[in-house]
Amino acid sequence: MTTPFRKTRLFLCLLALLIPATGYSQTQAEFETWLTDFKAQALQKGIAQSTLDAAFKEVTLNEKVLELDRRQPEFTRTFWQYFNKAVTDWRIQKGQELYKKHRPLLDQVTKKTGVPGRYLVAFWGMETNYGGYTGNIPVIESLSTLAYDPRRSEFFTGELFSALTVLNEGHVQLEQMKGSWAGAMGQCQFMPSNYLRYAVDGDQDGKKDLWGSLPDVFFSAGHFLKELGWQEKENWGREVALPKGFDYALADGKSAKSLADWGKLGLKLADGRALPKEEMDAKLILPSDYRGPAFLVFDNFRVIKRWNNSNNYALAVGNLADRIVGRSGLSKSQPADDEAMSKADMKAIQERLNWLGYEAGKPDGIAGSKTRAALRAFQVAQNLPADGHPSARMLKHLNATHR
Ligand code: CA
């Protein structure tokens with residue numbers, strides 16, 4: 001005879017059997033099948049069986065990694081929102097302290113690679129708050145998950161092979177091999193393929209330990225930047241002042257001109273002095289609107305972007321490096337009406353421009369050169385400074401304008 005209690009228990013048992021059968025365990029099973037196949041390939045590529053056994057012993061499909069990979073932020077941060085979060089007083093002060101403390105080591109790295117210590121410290125600060133947070137997701141697990149997932153499978157499969165090679169070569173203990181959700185490792189957040197290509201055993205103990213050895217971290221970062229083309233004698237860029245009536249279309253971050261030519265167009269350093277008399281080409285960037293800072297950027301700016309392909313990132317690294325050696329901050333500050341925009345807002349700007357007769361192209365929510373040119377034409381017609389910078393403020397202007 002079945003008691004009500006036993007009935008409930010039976011029901012719960014059935015439920016427990018049913019829940020994992022929907023979706024999750026099925027995916028997990030597919031993952032296991034994929035993994036078996038991958039391990040066979042890894043073995044063929046020369047990864048030791050013992051490395052594979054240890055590396056995958058506790059690996060499961062990590063749902064959190066998939067979730068983070070698919071996350072689409074609703075709003076794009078403005079330059080100011082990004083910059084003020086990246087170059088904080090704490091980061092500047094800590095960077096100055098650590099720069100002093102590690103000066104002898106940093107000088108050795110500069111001698112070897114040509115990269116000044118202030119940049120090495122700035123990258124270190126931007127990537128992991130000076131080694132304070134290097135990520136806690138097991139790298140083999142995050143990379144296996146992303147390699148299995150079809151979205152960017154090819155790229156992450158390559159990174160997974162690289163990570164196994166790092167383990168195979170015995171540079172790091174498995175338990176220590178943790179990183180960001182996307183598999184970036186150690187105090188400077190190298191992806192495994194970059195680790196294999198650029199990591200250096202700075203303290204010459206036989207291991208390239210980017211988690212625990214600062215000489216290894218700094219020599220590796222310096223080597224990486226040097227290999228990407230760091231120009232020893234050059235800065236990353238300078239903040240500049242634009243003259244009245246300047247043609248903002250030139251601030252496209254693409255057109256290279258000599259410093260002498262920029263000088264002829266009326267550009268000066270932000271503090272009012274003339275541009276340096278060096279024979280260098282530079283590009284002009286206006287990351288916010290006409291009220292914000294403008295920058296002339298040099299070749300090393302491109303190198304910084306190879307680390308992380310974002311103007312805002314590179315501007316923050318460059319400025320943090322400057323601040324670490326006591327140079328001044330930006331000459332402008334965030335205006336009160338600086339507001340993040342959603343993709344829908346950006347589309348609304350494009351739609352409104354089109355409706356008003358300015359050709360912004362097909363509204364796709366991405367501010368390309370066509371959108372900027374259309375916005376500049378609108379601004380000229382409205383007698384506004386024609387910076388072509390789409391913003392929440394401009395959307396309001398557009399919405400208040402009628403045909
Ligand atoms: Ca070492």
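Note that ligands are numbered from 1 as they come in the structure, with each ligand's atoms numbered from 1 the same way.
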| message | Quick test of your reading of the model: are R376 and D387 salt-bridged, counting only N-O distances below 4.0 Å? | response |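 No salt bridge links R376 with D387.
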| Could you go step by step and tell me if K207 and D201 meet the salt bridge (Lys or Arg N to Asp or Glu O under 4.0 Å) rule? | CA-CA 6 Å; K207 288 179 181 170; D201 178 13; over 6 Å; no
| With the Ca ion (ligand 1) at the apex, how many degrees lie between OD1 of D201 and OD1 of D205, rounded to 10 degrees? |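 Between OD1 of D201 and OD1 of D205, at the Ca ion (ligand 1), the angle is about 90°.
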| task | Have a look at the Ca ion (ligand 1) and estimate, to 10 degrees, the angle subtended by OD2 (D216) and OD1 (D203). | result | 120°
| Okay, side chain of R91, backbone of A86: is any donor-acceptor separation there less than 3.5 Å? | yes
| query | Any N/O/S atom, backbone or side chain, of K207 lying under 3.0 Å from the Ca ion (ligand 1)? | reply | yes
| Geometric class of the F224/F190 ring pair [parallel <30°, tilted 30-60°, perpendicular >60°] |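 Plane angle between 30° and 60°, so tilted.
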